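The structure appears right after this line, and notes come after that.
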Amino acid sequence: METIDIIMLIGLLLMITALVLMYRCARKRSPRRKLEELAEALVSVKKDFAYKLQRFDYLLEMIADENEHVSFLKRRITQLQEITEELEEKRGKLDENIESLTNIQAELRESSDTLVEQSARLRTEISYSEQALREIGQRIEYQKKIKEGLEIALGNIPAEEVHYLSKPVFSMGITPSVCDRLEARGILYIGDLIPLSEQHLIETWGVGPVTLEKIKTKMNENGVWFGMDVIRVGSRWFRRKQ
């Protein structure tokens, strides 16, 4: 409104100034000329006033557009504030969820460590139990062999003696160093080799492939082999009669 008043005031001042100028000019000229000049001045003032009105309308349109744009921006600012509040609320919930997941992860890690310790302890216990069962099985087999040996000695079980197994290991023609290693581990007779395996002799007691092949050849020539089903009675070996 202040802008409108200023424009109107300027227009009035321009009109008054034009009239004063025309009046001064009219006093110095003839009445007809004065009237023509006055008419021309009025036309000029009218055109100028029309231009000012046109400019005024244009300014009003610009002000209206600016007001509409400002209103739109205000609405957008309000919407952005609402969206920001919603995002802040969701961020708070997300932070709570992250904290909860962090706690759950810590609990799972602790539970996992506990389970790993329990698993290791159980594996150790199972290993000890398996070893104990193997030892018990070996003892049972040993007791069975003793029992069978006694039955054979008493004549309750028909069996035939395998005389070759009662011979000393050096009789197989192997080198003295190998004989010493075997005798140091309690392998005194050929029958002591029967329960062993070829892999065990190579890996555990250091018997070379050439010596092992010689042992196998000697055993096969005399009708015996590794893993043969025989029963020891003292320093004698017997085989069940089929």
Side-chain angles (χ1 to χ4, degrees), residues 1-137 199 203-204:
M1 294 301 293
E2 292 178 356
T3 305
I4 296 172
D5 293 339
I6 292 170
I7 294 173
M8 292 295 292
L9 181 59
I10 292 171
L12 289 173
L13 290 173
L14 290 173
M15 289 180 67
I16 292 168
T17 304
L19 290 173
V20 170
L21 292 173
M22 285 188 294
Y23 176 74
R24 288 180 178 179
C25 292
R27 290 180 61 185
K28 298 178 182 180
R29 294 174 179 84
S30 62
R32 184 176 179 180
R33 183 59 183 167
K34 291 177 181 179
L35 289 174
E36 290 177 355
E37 291 178 355
L38 181 60
E40 291 175 358
L42 288 173
V43 171
S44 176
V45 170
K46 183 180 179 181
K47 290 181 179 179
D48 186 65
F49 188 72
Y51 174 74
K52 293 292 190 300
L53 287 176
Q54 186 178 2
R55 290 285 299 170
F56 178 70
D57 292 337
Y58 176 73
L59 289 173
L60 287 177
E61 292 178 359
M62 288 184 62
I63 291 171
D65 292 339
E66 289 294 331
N67 289 335
E68 184 178 356
H69 185 64
V70 169
S71 300
F72 174 76
L73 290 177
K74 288 181 179 179
R75 290 195 300 270
R76 293 299 296 172
I77 290 171
T78 303
Q79 293 175 356
L80 289 173
Q81 288 176 346
E82 293 176 355
I83 293 172
T84 302
E85 291 175 357
E86 292 178 1
L87 290 175
E88 287 294 335
E89 184 179 356
K90 291 181 180 179
R91 179 183 177 184
K93 293 181 180 179
L94 182 61
D95 290 338
E96 292 177 359
N97 292 333
I98 291 173
E99 184 178 359
S100 177
L101 289 174
T102 303
N103 295 333
I104 292 173
Q105 185 179 10
E107 293 176 359
L108 289 174
R109 189 182 296 109
E110 184 178 355
S111 299
S112 176
D113 294 340
T114 303
L115 289 174
V116 169
E117 292 177 0
Q118 292 177 353
S119 177
R121 189 161 52 249
L122 286 174
R123 282 198 297 268
T124 302
E125 293 176 358
I126 290 172
S127 178
Y128 288 154
S129 299
E130 290 176 348
Q131 181 63 27
L133 288 174
R134 284 194 294 270
E135 291 176 357
I136 292 172
Q199 198 70 20
E203 294 180 355
T204 306

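All of these numbers come straight from a predicted model, not from anything done at the bench.
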May I have the list of side-chain donor-acceptor pairs in residues 73-91 shorter than 3.5 Å, sequence neighbours left out?
from, atom 1, to, atom 2, distance (Å)
Arg76, NH1, Gln79, OE1, 2.8
Thr78, OG1, Lys74, O, 2.9
Thr84, OG1, Leu80, O, 2.7

message: For the CD atom on Glu110, are there more than 12 heavy atoms of other groups (residues, nucleotides or ligands in this structure) within a distance under 6.0 Å?
response: no
Distance-only check: which donor-acceptor pairs under 3.5 Å involve side-chain atoms of residues 97-105, not counting sequence neighbours?
from, atom 1, to, atom 2, distance (Å)
Asn97, ND2, Lys93, O, 3.3
Thr102, OG1, Ile98, O, 2.7
Asn103, ND2, Glu99, O, 3.2

